[in-house]
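Bear in mind that the values here come from a model prediction, so they are computed numbers and not experimental data.
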Amino acid sequence: MNKYNSKEVEGRIRDFWEREKIYKFNPKKKGEVYSIDTPPPYASAGHLHVGHALHYTQFEIIARVRRMLGYNVYFAPGFDNNGLPTEKYVEEKLKINKAKTNRTEFRKLCLKESKKIEDIYKEKVLKKLGHSYDWDLLYTTISPEAQKVAQTSFLKLIKKKECYRAKEPTIWCPYHETALAQAEVEDLKRTTKLNYIEFGKDKKILIATTRPELLSSCVGIFVNPADKRHKSLIGKQILVPIFNYEVEVRADEKVEKDFGTGIVMVCTFGDNTDIEWYKKYKLDLKISVDKKGKLNENAGKFAGLDLKEGRQAILEELKKQGRLKKQEPLEQTVGSCWRCGTPVEYIVTEQWLIHTLKHKKKLLEMGNKINWYPKFMKVRYNDWIKNLAWDWTISRQRYYGVPIPVWYCDKCGKVILPDEKELPLDPLQIKRKCKCGGNGIPEQDVFDTWVTSSQSPEIALRWLEKPEQYKKLAPMSLRPQSHDIIRTWAFYTILKSYLLFNRIPWKDLMVGTFILDEKGHGMSKSKGNAVWADKMIEKYSVDVFRYWVGGASVGSDLPFNEQDLIAGKRFITKLHNAGNFVFMNLKDYNGKKPVLYAIDKWMLQKIKEISEKAEKKYIKYNIAGAKRIIENFFWHDFCDNYLEIVKTRIYQNKKGKESAQYVLYKVLLSILKLIAPIMPFITEEIYQKHYRKIEGDKSIHLSLFEKIDSGGELGAGDLFVEILSKIRQEKTKAKKSMKSEIVLSLDKKDIKRLGGMIEDLKDVMNAKEIKEGEFEVEFV
RNA sequence: GGACCUAUAAGCUAGUGGCAAACUGACUCGUUUACACCGAGUAUUCGGCGGUUCGAUCCCGCCUAGGUCCACCA
């Protein structure tokens, strides 16, 4: 028999889809629109590991399912070429220091490099995987259109007084020299030293600190009000060593009695609590750290040293003065920049911020209006909101990104805003006068990348270019994403949607499967445990790879196992062979609906029930559940049982052949359609070869799931299969062939129930005769 | 410190308040007019402890292990 050549077929089918623009979105098409807010991949790598490929394929399967359920699917691809990853990639690849290049030139290089990678992604990854995007709807996050979306909503939020500029303590990365958002801070475990330092002149006290380098920023001392040891200190003035000035001792419940000596020094700023107390007790502001992470003039003779050197120098000085009493190692976790791992500092700068803290309650309500798949992922969203301590800092002191479209008057200091009609713009390229006559100094900063990403629904649906379309299609149907960015992408998108439109951005949120390596650890390039998708596809085929994807349950972790791909290979061969068999026996089939035999009716009823069950699973984003049902039915009910049952009727040209032929045709078509979203190539191949002329749809992927009209019931057919299985057991026990001739004894009631199926039973098990009596298999 | 997820056969996964299941692997047998990338069959099992119940793998509590998120971090 002809073997299935997956590579040849997949290439040919892919060309066919592209030539015929099978997946083109037609706004005039009938049916409710189902829109997907696709995660745009970072354009900073040429290929995907199996985890990423699985993630993208998972919701691509959903797109196909919805098409076949009759929805008009809006499926726009995107690329994220905005922000730090691209900036970093270009620096590394071209080995250039952006500080030494001109900013405009550098941006051009970023665009050029990311475009190259986008093309690789498009041709070699996404199209290769058979993804059914409408490529005419492609967007990128740095495009003028996307910039316009980001800048326009920025202006709108300023008008709504939801966006403000403030001189605030900000989370700061000294390496990248930029402000960070709370979501960009990650935990870093390290061992450090806890230093016991003596404060005071007459009355001496011991304070334990891990940040002696901030001594010159000390603006207060705190003890716990319930701590009897230090009660007498409250209200006293205490001398700060080396820098020789006095600060007041105050009491606050947040001080832990058991940590160190139970006495804390507050610096502006060492950590979150410092900021809290600074605000709560209106403490002085004494900044000792500059934007590069170096000590400034407030640190006196230590100015110019970086934090590490400063710490050493100050500790030595304290030692000399006999003020360093003790040092002990301490395991601590510090906040650090998610990109470079440098511990963050807190400095006061002027930044643009968006209100989040005052909307906590509303944001929780928004989260409740969205259907989360799986449900427990909402907990993460809720926890994040409850724990938020900062408004969202949206300005970044970076080179590459969407410019913040404002100027500051050099005379009156006012913020000069452009008109929405002028957007997108780069204030560095445009001169602007203030109303007072002063000159506008352009803003240098760019937006946090999430400012753009959080508006992927607006960008994908062309909010500003096609307002009518946007109005009709928003909110979107589905946001698919991974769980690690719930606190960023999901959160910021919901926030923006609330602030701008006062509604949810999408109805459903599906968290994809998280892939682990074979040992159960997260997969990544940096860990060196990544399995590359293109290699797996090369070794097996796209359909096989997608078969594996189809088996992953949404929202849970799954270790990668190559064994699973072998199962997919077998399935495809089986499907190919079953197709061959069916159409080999359908040459004289006339297509008319004949009078159906009982067992054929049973088969129709069975596929009807299977279709309904599988569709329900698909709708609930349970791809693995649907796949299991379909696969099980195809392999066992259809191939192992039904094909065997009707073989004799067909081979021997018996009466009822047309009935079997009709059912073979219909059931195989139903199965192909049900599994088509998961394995689009093999199903399209069989469809084009045998079904298209009769069915008429240009592609199986443009057809609807089969609606079977069976009118049958299952009872007798199930009994048939049960008896079949019992006879097979007897034959195996007796070590006889399945074709060995037998005489079968059956219960009178069962014979009556089987009715017209008796003849088929005799055929499939090669029973010479069937007698009434207790169940028995006699060999002749 | 808090929260969440997971724990089922050798491996990977379904599933249900009442005979525990598919696939891979192992073993036995069969098959050549779709398929040896096949068919039939066999063996092995619900992390531990307690509770609710006539009955718990499933519900509840505790524990253990693995994973994840968050908070703290002077």
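Nearest to the side-chain atoms of A:D640 among the listed nucleotides B:G41, B:C4, B:G39 stands B:G39. For A:K647, the side-chain atoms get nearest to B:C35 when compared with the rest of B:C37, B:G41, B:C35. The side chain of A:N632 sits closest to B:A22 out of B:A22, B:C37, B:G39.
For the residue pair A:D484 and A:S482, a side-chain donor N or O sits within less than 3.5 Å of a side-chain acceptor on the partner. At a cut-off of 3.5 Å, with distance as the only test, a side-chain donor of A:Q661 or A:D588 sits close to an acceptor on the other residue. For A:N195 and A:T209, the side-chain atoms include no donor-acceptor pair closer than 3.5 Å.
For the pair A:R570 and B:C35, the criterion of a side-chain N or O lying under 4.0 Å from OP1 or OP2 is not met.
The side-chain hydrogen bond (donor to acceptor under 3.5 Å, both in side chains) contacts involving residues 614-631 of chain A comprise A:Y34-A:Y621, A:D508-A:Y621, A:Y547-A:E631, A:E615-A:K707, where partners must be two or more places apart or lie in separate chains. Applying the salt bridge (Lys or Arg N to Asp or Glu O under 4.0 Å) test to every pair with at least one member in residues 376-386 of chain A, sequence neighbours left out, gives no pairs at all.
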How does protein contact run along nucleotides 13-20 of chain B, one letter per nucleotide 5' to 3', with B for base contact, S for sugar-phosphate only, - for none, heavy atoms under 4.0 Å?
SS------

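Residue-level contact check: A:I566 touches neither bases nor backbone, having no heavy atom under 4.0 Å from any strand. Nucleic acid contact class of A:V266 (heavy atoms, under 4.0 Å, all strands): none. The residue A:N585 sits apart from the nucleic acid: no heavy atom pair falls under 4.0 Å. Using a 4.0 Å heavy-atom criterion, one finds that A:C639 contacts the bases of the nucleic acid, with or without backbone contacts as well. As judged by a 4.0 angstrom heavy-atom cut-off over every strand, A:S725 is placed among residues touching the sugar-phosphate backbone only. A:D271 comes within 4.0 angstrom of sugar-phosphate atoms only, judged by non-hydrogen atoms across all strands, and of no base.
With RNA chain B read from its 5' end, the first of the two nearest nucleotides for A:E644 and A:F259 is the one closest to A:E644.
RNA chain B forms stems at B:1-7 with B:64-70, B:26-30 with B:38-42, B:47-51 with B:59-63, each a run of 3 or more consecutive Watson-Crick or G-U wobble pairs whose two key distances fall under 3.5 Å.
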Could you go over nucleotides 69-71 of chain B and give all protein N or O partners under 3.5 Å, atom names and distances?
{"residue": "B:C70", "atom": "OP1", "partner": "A:R487", "partner atom": "NE", "Å": "2.7"}
{"residue": "B:C70", "atom": "OP1", "partner": "A:R487", "partner atom": "NH1", "Å": "2.6"}
{"residue": "B:C70", "atom": "OP1", "partner": "A:R487", "partner atom": "NH2", "Å": "3.4"}
{"residue": "B:C70", "atom": "O2'", "partner": "A:N387", "partner atom": "ND2", "Å": "2.4"}
{"residue": "B:A71", "atom": "OP1", "partner": "A:Q182", "partner atom": "NE2", "Å": "3.3"}

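Between A:K606 and A:D718 there is a salt bridge, since a side-chain N of the basic residue sits under 4.0 Å from a carboxylate O of the acidic one.
Against RNA chain B, the stretch residues 728-737 of chain A makes heavy-atom approaches under 4.0 Å through A:R728, A:Q729, A:T732, A:K735, A:S737.
Relative to the ring axis of A:F583, A:K689 does not place its NZ or CZ within 45° and under 6.0 Å from the centre.
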